[in-house]
2 protein chains.
Amino acid sequence: MMSKHAKEMGVLKEHLGKHQLKFTRQRELILDAFLKQEHITAEAMYHQLARKDPHLGLATIYRTLNLFCEAGLAQARHFGTQTQYDNVSHKGHHDHLICTGCGKIVEFENCDIERLQEEVASRNGFTIQTHRLELYGLCSRCRH
Amino acid sequence: MMSKHAKEMGVLKEHLGKHQLKFTRQRELILDAFLKQEHITAEAMYHQLARKDPHLGLATIYRTLNLFCEAGLAQARHFGTQTQYDNVSHKGHHDHLICTGCGKIVEFENCDIERLQEEVASRNGFTIQTHRLELYGLCSRCRH
DNA sequence: TATTTTTTTGAGATGGTTTATCAATTTCAA
DNA sequence: TTGAAATTGATAAACCATCTCAAAAAAATA
């Protein structure tokens with residue numbers, strides 16, 4: 001039977017192949033764990049995986065999560081003092097409205113905004129690979 | 001003659017007064033330098049001010065920029081691995097195009113995108129305080 | 001103005017996160 | 001199975017930001 005994460009595993013393997021990198025037990029383990037999360041820090045993943053493999057090093061977690069970023073499976077986001085690694089397959093193309101009062105997060109998608117982003121990019125000679133849009137404010141309940 | 005930054009200096013003094021803090025030569029010097037920038041890191045300001053005052057400490061820069069944030073004159077933003085202190089008095093909010101190849105950063109501003117953001121927010125009952133838009137991709141040079 | 005009190009400063013130590021180093025191990029193609 | 005090449009784990013190092021504390025400066029008081 002195929003893994004639950006066959007598609008992402010394929011993306012990873014393709015990236016590895018293109019860059020003369022190797023498919024290892026650790027990379028498989030970390031990807032499996034990563035895909036179950038919406039976002040996670042390296043430290044949190046380190047502790048979470050300590051049970052499955054007590055010898056898995058923190059450096060390997062960092063290296064691997066950064067590898068996932070290069071492969072387009074993850075996206076790093078600096079949050080406070082730590083780095084959050086977002087699961088791109090969960091997030092899809094969704095942007096976020098974040099309430100600074102209660103922390104509520106509302107996802108949205110807006111084609112017009114995306115189109116304008118493309119316009120801005122091409123006007124500057126850029127080809128967009130990914131983007132991040134976060135709107136911070138107060139939700140209706142917190143405004144009162 | 002009045003300083004070029006009389007208004008912001010007033011905001012600072014008011015904040016200091018309200019919190020039993022003192023108006024010092026260093027705070028004045030740092031505010032003057034800060035207001036000339038659109039955004040800056042503590043480290044960059046440290047080097048920039050080293051000529052004017054070689055004994056000005058890095059800790060003081062950090063303390064003072066954080067103070068400006070509390071006073072509403074600056075806004076801290078985690079960008080890459082460092083913290084950028086944005087000058088709030090510069091009206092236009094600047095978004096960023098970031099090259100994943102060479103790290104080049106191009107600032108832009110787009111009224112249409114901002115208007116659409118407001119629309120999305122109000123449709124969801126939110127009032128926007130601030131936002132963050134980053135487009136990641138390859139610049140023309142890195143694409144080849 | 002002189003004195004006292006309170007806050008700030010500078011220099012370096014410290015703390016927390018991420019990356020670099022390198023010998024030993026693992027992968028993978030021949 | 002063998003050997004070249006990449007990866008790993010442990011830890012050192014780098015890095016950014018904050019903390020510490022004696023000395024200095026600023027405001028309050030006399």
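Letters A, B, ... mirror the listed sequences (proteins, then strands); counts begin at 1.
- Nearer to the 5' terminus of DNA chain D, by closest-nucleotide assignment, is the contact made by I61(A) (compared with the other of T41(B) and I61(A)).
- Annotation: side chain to side chain contact (heavy atoms under 4.5 Å, CB included) contacts of A59(A) (sequence neighbours excluded): R63(A).
- If you measure from atom CZ of R77(B) to atom P of dC16(D), you get 17 Å, rounded to the nearest angstrom.
- Rounded to whole Å, atom C1' of dT19(C) lies 13 Å from atom CD of E70(A).
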Throw together a table of side-chain donor-acceptor distances under 3.5 angstrom for residues 48-58 of chain A, partners on residues two or more places apart or in other chains.
residue : atom : partner : partner atom : Å
Q48(A)  : OE1  : Q37(A)  : NE2          : 3.4
D53(A)  : OD1  : H55(A)  : N            : 3.0
D53(A)  : OD1  : L56(A)  : N            : 3.4
D53(A)  : OD2  : R25(A)  : NH1          : 3.1
D53(A)  : OD2  : R25(A)  : NH2          : 3.3

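- Following rounding to the nearest Å, L65(A) (CG) and dT17(C) (P) show an atom-to-atom distance of 15 Å.
- Atom pair K13(B):NZ and dA27(D):P shows a separation of 9 Å (rounding to whole Å applied).
- In this structure, E28(A) atom CD and dT8(D) atom C1' are separated by 16 Å, rounded to whole Å.
- Looking at residues two or more places apart in sequence or on another chain, you find no ring-ring contact (aromatic ring centres under 6.0 Å, His included) involving Y85(A).
- No side-chain donor-acceptor contact under 3.5 Å links E134(A) and H96(A).
- Phosphate proximity of dT18(C) to T83(A): present, with a side-chain N or O under 4.0 Å from OP1 or OP2.
- The phosphate of dT19(C) has neither OP1 nor OP2 within less than 4.0 Å of any side-chain N or O from Y62(A).
- Scored by the ring-ring contact (aromatic ring centres under 6.0 Å, His included) test, F34(B) finds F68(B) as partners (sequence neighbours excluded).
- For dT18(C), neither phosphate oxygen OP1 nor OP2 lies less than 4.0 angstrom from any side-chain nitrogen or oxygen of N66(A).
- Rounded to a whole Å, the CD1 atom of I40(A) is 16 Å from the C1' atom of dT17(C).
- With 3.5 Å as the limit, one finds no donor-acceptor pair spanning the side chains of Q26(B) and T64(B).
- Taking atom CG of residue L29(A) and atom C1' of nucleotide dT26(C), one finds them 15 Å apart after rounding to whole Å.
- As rounded to whole Å, 16 Å separates atom P of dT18(C) from atom CZ of F68(A).
- With sequence neighbours excluded, the residues forming a ring-ring contact (aromatic ring centres under 6.0 Å, His included) with H19(B) are H15(B), listed by chain and number.
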**Request:** Take nucleotides 7-13 of chain C nucleotide by nucleotide from the 5' end and write B, S or -, depending on whether a protein heavy atom sits under 4.0 Å from the base, only from the sugar-phosphate, or from neither.
**Result:** SSBBBB-
